[in-house]
Amino acid sequence: MKFDDSDEDYFLHDFSRKDRQSEEDQRHSPTPDPSDPATRPAAPSFDFSDGGSDSLRTAEAGETRRKRGHGWLWFFLVVAVVLAAAVTIRYFVPYVTESRVTGYVTLVEKRGIVFPTFEGEMVSESQLADTTRIYSRDLSFSIPDDDLALRLQQYQGTGRPVTVTFKRYYGTLPWRGASNTVAVDFMPAENQR
């Protein structure tokens, strides 16, 4: 399919300049003879024959579409990788790994309906020993390991200090507990001295 348009573009044309120029040309030049092919303006030519070039153009258009499709594919791939990295950092990578607090366990109980997990509270020794500040709150934490929770529950309300090792995450997961502070280990404080 051949399309040849030798005329000037209608929408990009400056009509005010052409009108002035055409008036000057008409004044200075004789009128062209329409029967003379040399003075006749060139007409646009159209060729609608099926010369096999349509399949080539169709293949080129399909290739262009495929290239555009690859751009969107790369865009969504990059977005998916960024979202996966953000979710991994927020929920699965702890920002504090070896935090230890020594204190007294005041509460260990199993909470939850769909994902029941053990939750615990303890009073830090440093908060009890500090007489200048007002007591603020207990340290709340989740215990994902049932065996660890049952062993820690034995120290609840006994007045024996324990040192609990924590991991802190940016976000909480329902099967890990309601708190972003997660207890991973503990030992009685008497063994440390």
Side-chain angles (χ1 to χ4, degrees), residues 11 55-193:
F11 294 105
S55 62
L56 179 63
R57 284 197 180 99
T58 307
E60 289 173 0
E63 186 176 318
T64 305
R65 272 189 237 119
R66 270 187 252 122
K67 285 181 183 176
R68 269 190 249 133
H70 288 305
W72 283 108
L73 178 69
W74 280 108
F75 172 75
F76 286 119
L77 184 67
V78 168
V79 167
V81 167
V82 168
L83 283 175
V87 166
T88 301
I89 289 170
R90 176 149 177 92
Y91 295 106
F92 297 106
V93 178
Y95 69 92
V96 175
T97 55
E98 292 294 323
S99 174
R100 288 186 178 87
V101 176
T102 301
Y104 302 96
V105 178
T106 58
L107 178 69
V108 175
E109 64 183 8
K110 197 166 197 173
R111 297 180 195 158
I113 297 171
V114 178
F115 295 103
T117 57
F118 280 96
E119 304 293 324
E121 293 179 2
M122 70 182 291
V123 178
S124 172
E125 271 188 345
S126 62
Q127 288 180 345
L128 290 175
D130 189 5
T131 58
T132 58
R133 294 187 204 162
I134 299 173
Y135 176 72
S136 59
R137 61 180 171 84
D138 294 343
L139 175 67
S140 298
F141 54 91
S142 297
I143 312 167
D145 184 16
D146 290 351
D147 182 47
L148 178 69
L150 293 174
R151 287 189 293 133
L152 192 59
Q153 200 170 28
Q154 293 174 355
Y155 287 90
Q156 174 182 337
T158 61
R160 291 185 289 173
V162 293
T163 301
V164 182
T165 305
F166 296 105
K167 285 185 180 180
R168 286 198 174 97
Y169 295 88
Y170 287 109
T172 61
L173 290 172
W175 54 87
R176 195 169 54 204
S179 175
N180 62 350
T181 304
V182 177
V184 293
D185 194 19
F186 87 96
M187 63 178 19
E190 295 95 32
N191 293 350
Q192 294 178 348
R193 294 179 186 164

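What's counted below: heavy atoms across the whole structure, side chains too, no hydrogens, waters or symmetry copies. Quick caveat, the model's predicted, so the values are computed rather than measured.
Within the model, atoms CE of Met122 and OG1 of Thr102 stand 7.0 Å from one another, a figure rounded to the nearest 0.5 Å. Asp185 contributes atom CG, which lies 9.0 Å from atom CD of Glu98 (distance to the nearest 0.5 angstrom). Going from atom CG of Asp147 over to atom CG of Leu152 covers 11.0 Å, rounded to the nearest 0.5 Å. Summarising the geometry, atom OH belonging to Tyr169 is positioned 14.0 Å from atom CZ belonging to Arg90; distances are rounded to the nearest 0.5 Å. Separating the CD atom in Gln153 from the CG atom in Leu107 is a distance of 8.5 Å, to the nearest 0.5 Å.
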Criterion side-chain contact (heavy atoms from CB on, under 4.5 Å) on Thr165 and Arg100, from CA distance to verdict
CA-CA 4 Å; Thr165 305; Arg100 288 186 178 87; 3.7 Å; yes
Test log, rule side-chain contact (heavy atoms from CB on, under 4.5 Å), inputs Ser179 and Glu119
CA-CA 8 Å; Ser179 175; Glu119 304 293 324; 4.3 Å; yes
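Residues Val101 and Val164 have side chains not in contact (no heavy-atom distance under 4.5 Å, counting atoms from C-beta outward). Residues Leu150 and Phe118 have side chains in contact (heavy-atom distance under 4.5 Å, counting atoms from C-beta outward).
Here the options are Thr97, Leu139, Val96, the test is side chain to side chain contact (heavy atoms under 4.5 Å, CB included), and the partner is Phe166; only Leu139 passes.
Although no hydrogens or angles enter the test, the distance criterion places no donor-acceptor pair under 3.5 Å between the side chain of Asn180 and the main chain of Arg168. At distances below 3.5 Å, at least one donor-acceptor pair connects side-chain atoms of Gln156 with backbone N or O atoms of Val108.
Closest non-hydrogen pair, Ile143 versus Ala183, comes out as CG1-CB, 4.2 Å. For Phe186 against Tyr155, the heavy-atom pair with the smallest separation is CE1-CE1, 3.5 Å. Across every non-hydrogen atom of Ser140 and Thr181, the tightest pair is O-CB, 3.9 Å. The two atoms that bring Thr117 and Gly177 nearest to each other are OG1-CA, 3.5 Å, heavy atoms only. Contact detail for Trp175 and Phe115: the closest heavy-atom pair is CB-CD2, 3.9 Å. Between Arg176 and Tyr91, the shortest heavy-atom contact is NH1-O, 2.7 Å.
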